Amino acid sequence: IVNYHRKGLGQKSGGHISGLGAYHEKSDMVLILDTANYKYPWVWVKVDRLWKAMCVGVDSESKKTRGFLLVTATK
């Protein structure tokens with residue numbers, strides 16, 4: 001799950017949170033499964049571009065930097 005600034009990916013609006021659905025090693029790209037896919041379709045982006053979009057400013061509500069959350073299954 002990533003928290004990024006949409007403008008860093010060339011989209012309108014501000015901060016956003018979405019899940020990642022896949023990673024393509026050869027192209028070093030991730031598939032963002034946008035939770036607002038009625039407005040923003042799922043999109044492949046370069047990892048470095050997403051990283052830069054996660055480093056843009058701070059979240060206006062939490063006043064903290066953006067980032068990612070790794071979720072794993074456990075027994």
Side-chain angles (χ1 to χ4, degrees):
I1 300 172
V2 291
N3 180 339
Y4 60 97
H5 202 278
R6 284 192 183 278
K7 288 183 181 178
L9 299 183
Q11 300 173 337
K12 294 181 182 179
S13 194
H16 190 62
I17 297 173
S18 283
L20 299 181
Y23 172 69
H24 186 257
E25 186 175 4
K26 189 173 182 180
S27 64
D28 196 33
M29 296 179 88
V30 291
L31 177 62
I32 298 179
L33 303 177
D34 202 308
T35 55
N37 61 355
Y38 61 92
K39 189 173 181 180
Y40 297 98
W42 295 356
V43 61
W44 285 95
V45 298
K46 289 277 195 183
V47 170
D48 63 337
R49 188 169 182 201
L50 176 58
W51 186 262
K52 288 175 186 173
M54 292 183 338
C55 294
V56 173
V58 296
D59 181 79
S60 59
E61 248 182 74
S62 71
K63 305 298 185 217
K64 296 183 178 182
T65 56
R66 303 177 190 287
F68 65 94
L69 174 68
L70 179 62
V71 179
T72 60
T74 61
K75 291 184 181 183

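All of these numbers come straight from a predicted model, not from anything done at the bench.
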Under 3.5 Å donor-acceptor, Lys7 side chain and Ala53 backbone: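 A pair under 3.5 Å: no.
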Value rounded to 0.5 Å, distance of CD in Gln11 from OH in Tyr4: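 Reported value, rounded in 0.5 Å steps: 5.0 Å.
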Spatial distance of atom NZ (Lys64) from atom CG (Asn3) [nearest 0.5 Å]: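 Lys64 atom NZ to Asn3 atom CG measures 12.0 Å (nearest 0.5 Å).
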Lys52, NZ: over 12 other non-hydrogen atoms inside 6.0 angstrom: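 Result for NZ/Lys52: open.
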CH2/Trp42: more than 12 non-hydrogen atoms of other groups inside 6.0 Å: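 Count not over threshold, so no.
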Ile17/Thr35 under side-chain contact (heavy atoms from CB on, under 4.5 Å): CA gap, chis, key distance, verdict: CA-CA 8 Å; Ile17 297 173; Thr35 55; over 6 Å; no
Candidate pair Leu50 and Leu20, rule side-chain contact (heavy atoms from CB on, under 4.5 Å), full reasoning: CA-CA 11 Å; Leu50 176 58; Leu20 299 181; 4.1 Å; yes
Where is the tightest heavy-atom contact between [X] and [Y], given as atom of each residue plus distance?
X: Met54; Y: Gly67; value: SD-O, 3.7 Å
X: Lys12; Y: Arg6; value: O-CD, 3.1 Å
X: Pro41; Y: Asp34; value: O-CB, 4.3 Å

Test log, rule side-chain contact (heavy atoms from CB on, under 4.5 Å), inputs Ser18 and Leu33: CA-CA 6 Å; Ser18 283; Leu33 303 177; 5.8 Å; no
Verdict with supporting geometry, Leu31 and Tyr23, side-chain contact (heavy atoms from CB on, under 4.5 Å): CA-CA 6 Å; Leu31 177 62; Tyr23 172 69; over 6 Å; no
Plane angle bin for Phe68 and Trp51 - parallel if under 30°, tilted between 30 and 60°, otherwise perpendicular: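 Aromatic pair Trp51/Phe68 classed tilted.
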Side-chain touch Ile32/Tyr40, heavy atoms, less than 4.5 angstrom: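 No. Closest side-chain heavy atoms not under 4.5 Å.
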